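Each chain gets a letter, A, B and so on, in the order its sequence line appears, and its residues count up from 1. Treat the numbers as computed from the prediction; the structure is a model and nothing was measured.
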Amino acid sequence: MPGLVDNCDAGFVMSMPHMTAPADGATQASAHRVRVAVETPQHAGMADVLDYLAEAELPPGTLLRVPLGRRELPGVVWPGEPSAEEAANALPAGQLRPVREALLALAPLPPAWCQLVEFTARYYQRAIGEVALAVLPPELRKLDNTGLAKRLKRLHKQMGLPDPDAKPKKRRKADLQPEPEAVPEVPASPPVRPALTTEQAEVLARLSPQFEAEAPACHLLFGVTGSGKTEVYLRAAEQALAAGRQALVLVPEINLTPQLEARFAERFPGRRLVSLHSGLTPAQRLQNWLSAHEGHAELVLGTRLAIFCPLPRLGLIVVDEEHDPSYKQQDGARYSARDLAVYRGKLERAPVLLGSATPSLETWQHARSGRYQLLTMAQRVGQGALPAVRVVDMAKQPTPGQGQEAPALCPPVLAAVRDRIERGEQSLLFLNRRGFAPVLNCGACGWKSGCPHCSAWRVFHKLDRTLRCHHCGFAERVPKACPDCGNLDIQPVGRGTERLEEQIATLLQDVERPGGGSVRVARIDADTTRHKGSLEEQLAAVHAGEVDVLVGTQMITKGHDFRRVTLVAAVNPDSALFAADFRAAERLFASLLQAGGRAGRDAEAAARSEMWVQTWNPQHALFAALKAHDFTAFAASQLAEREMAGLPPYSHLALLRTEAREGPVAEAFLQQARDAAQAWLKTHGGADVMLYAPVPPPVAKVAGLERRQMLIESPSRGALQRLLANWLPELHVLRSSLKGIARWAVDVDPLSI
DNA sequence: AGCACGCCGACT
DNA sequence: GTCGGCGTGCTC
């Protein structure tokens, strides 16, 4: 986001000299001092860029192996001159150790890559080397010049072959799914491009000048589900490619890469397309990365980690479903790939296209203020109507008998599902909870299936008869009787997808399909897609019409184009509505709208498509906006609330998190950290930075460690950044002075608090 | 964070 | 006698 850029690159102007500083000549005449980013321990005030001696001048971005203590680590020659402070603390050349090996076989990482990494490190408060080495393909860390040369030779050979498919195919057996090949057989006829809708044409007309512009802008492509955003991405990529540049397309999840990859491969026959995500084998990931880095790959499609892929001729960045929380890395350097995309676009003068039907409020705010260009597509391709939204007040539904649980679907929703089955159409039941039941309960003594290591219930999974903790993974066979009192009658409480699937089958067992036979219910969630390729397999079955009712979690609401679905039902959205998180409503709205968008993708069926929502809170403003498919109204009401509460995008947040075996230890750490920060703020005039009291997060204990966190808030990103940068060294000291802190970390721009 | 050095207890 | 417990200290 530009806010992030504007406020943070002050004092971040990096000079990019072609050469490193000259050697002082104190030792060997041939020795050159090089600055190297290495993964230094974050402790003890050690710098993250260290000096070494090299026999020759090494260009910035060169990958190296250097000694550190008794270890040998990978490092990157870092551009720029040392700061005044660094220069003052610099070791004399005589005390420097020589570089072990320079990986000259690899082209140096480009200056823009170094700048993106350094920005990320500074903004998210991590060491440069940590970020630099974490975002390189893991395989690259292990290779020496010989190994690297071998890989590059293989890549070049592959590139030069008339049929580059031949070789990789053999190695592909371990791959995630049958992916379209990097370079498909070149067909003689050009690909068929669908005619553009008026809106698509308008959007592209406004986008086109961007490819020639000196300072391209960031755009929000705000398009309802089914409005054809992907076609816009394809055309934009076409323009970037036509200008001889590379396009980078980000998607939130690995699951979404194969189908998008297929579409791009079909549209761009003969162009080199690679994917980058953690599902690739290490060798494949390195190969694809090298292909992009060397400028061979013209299209790079990937998940958040792909934002760091070096691209010498970057000409477009697309961030699909920009609101998706998956773009935020949740460990290590907690970066937001979407925000970094905006920064990178500016840095490398490439237009950025953020696409969503339900933009994040941050992005929406920027679009409204004019920082991003707003490109709207309000019509579905083929003029299909959006599904009619029907909100069911569960309080008005018949109450079950004493001691009985309410059925999974209330009568009107059940009737709607039956309707679909009778017409040979499909229904999709969305329940964002895995397993059979979220908790087991003993009616006799009140025992519940708690996790011994976490402050959370263990979920009952019927399939393998286990009680499984979704926080730490601890699993046990489900007990036959209550472990406390021996009562044999322990009951599941609540409902997950596994149970929903079972209950739906029962509820519909009397229904006859038009073709004869009983109703076919299927389930798709993380548990049914554990094995590689199984998601594709199950989706194919749905597409082939072998399923009447599909039960699933979030997983089924993202991106998949279900042609025969005319009914989507949200079984229990209330659980998300009252989560203690300020983004809960925003997320729920996005996921419901996205789920609803699965219905009526086929224009002919769109008119009779419906989305049903079962809720106990029908008066909630979210549902009114959902009924009207009115994101704008929803965003306005949310923004008003955020402004009142001083929450993002009206303020900027950071979270200091800590884990310790003893809760009070974690609290003491945060309390002392808070005191230190407040003392610093007092002397440095940071009056507009607010530190809240340390609190336990919603799940306070995970895997035997007590978690505590402290919120830091400021209307000024710069003020927040200054505090964090000055505070971190103190926190390192504090940690070592306080025994028993297992971990601590700062999360800048946390998604949930 | 690693990785070594170093100075005490229980084993072959 | 030495194998190994993990406290402490260092890394351009």
Side-chain angles (χ1 to χ4, degrees), chain A residues 17 19-28 30-103 114 117-118 121 124-136 138 141-142 329 331-334 656-661 665 669 703 705 728-747:
Chain A
M19 284 169 197
T20 48
D24 350 40
T27 50
Q28 313 99 304
S30 62
H32 296 76
R33 184 186 281 256
V34 282
R35 306 182 68 231
V36 181
V38 278
E39 247 178 303
T40 48
Q42 292 159 290
H43 274 87
M46 232 183 136
D48 52 3
V49 177
L50 304 180
D51 289 348
Y52 287 88
L53 293 178
E55 283 179 16
E57 274 167 5
L58 294 170
T62 304
L63 200 61
L64 303 166
R65 300 200 63 84
V66 294
L68 182 69
R70 275 155 283 264
R71 294 182 291 163
E72 188 179 297
L73 300 173
V76 180
V77 176
W78 212 246
E81 299 298 325
S83 66
E85 196 197 337
E86 283 171 324
N89 297 331
L91 261 60
Q95 287 178 36
L96 299 182
R97 297 175 69 182
V99 165
R100 287 274 159 80
E101 184 182 15
L103 281 88
C114 294
V117 164
E118 187 158 340
Y124 294 102
Q125 309 294 330
R126 315 294 298 203
I128 291 175
E130 185 194 355
V131 175
L133 292 143
V135 305
L136 290 173
R141 307 176 56 134
K142 294 187 247 163
Q329 172 90 18
D331 48 51
R334 293 171 165 252
L656 178 59
R657 306 172 189 273
T658 183
E659 290 173 32
R661 211 153 274 286
V665 175
F669 175 80
L705 291 172
L728 256 69
E730 282 195 77
L731 293 178
H732 286 123
V733 175
L734 191 58
R735 189 245 172 102
S736 47
S737 75
L738 211 63
K739 280 274 157 250
I741 297 292
R743 271 191 285 274
W744 69 270
V746 174
D747 186 351

Exercise. Could you pull out all residues at least two apart from A:A660 that satisfy side chain to side chain contact (heavy atoms under 4.5 Å, CB included)?
Key: A:V665, A:A666, A:I741
Quiz prompt | Counterpart residues, side chain to side chain contact (heavy atoms under 4.5 Å, CB included), relative to A:R661 (two or more places apart) | solution = A:L705
Considering only [options], which nucleotide approaches the side chain of [X] most closely?
X: A:L50; options: B:dA4, C:dC12, C:dT11; result: C:dC12
X: A:R735; options: B:dA1, C:dC12, C:dC10; result: B:dA1
X: A:D51; options: C:dC12, B:dA1, C:dC10; result: C:dC12

Quiz item: Taking only N and O in the side chain of A:R71, is any of them less than 4.0 Å away from OP1 or OP2 of B:dG2?
Solution: yes
Would you mind reading off the distance between [X] atom [atom1] and [N] atom [atom2], rounded to a whole angstrom?
X: A:L91; N: C:dC10; atom1: CG; atom2: C1'; value: 13 Å
X: A:L73; N: B:dA1; atom1: CG; atom2: P; value: 14 Å
X: A:R35; N: C:dC12; atom1: CZ; atom2: C1'; value: 12 Å
X: A:E72; N: B:dA1; atom1: CD; atom2: C1'; value: 17 Å
X: A:R70; N: B:dC5; atom1: CZ; atom2: C1'; value: 8 Å
X: A:L68; N: B:dA4; atom1: CG; atom2: P; value: 13 Å
X: A:R126; N: B:dA1; atom1: CZ; atom2: C1'; value: 12 Å
X: A:I128; N: C:dC12; atom1: CD1; atom2: P; value: 18 Å

Quiz item: Salt bridge between A:E86 and A:R35, side-chain N to carboxylate O under 4.0 Å?
Solution: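 Answer for the salt bridge query: yes.
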Quiz item: Just checking A:R97: base, sugar-phosphate only, or nothing, at a heavy-atom cut-off of under 4.0 Å?
Solution: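 If one applies the 4.0 Å heavy-atom cut-off, A:R97 turns out to touch the sugar-phosphate alone, with no base involved.
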Quiz prompt | Approximate separation, where rounding is to 0.5 Å, of A:R141 CZ and A:R65 CZ | solution = 8.5 Å
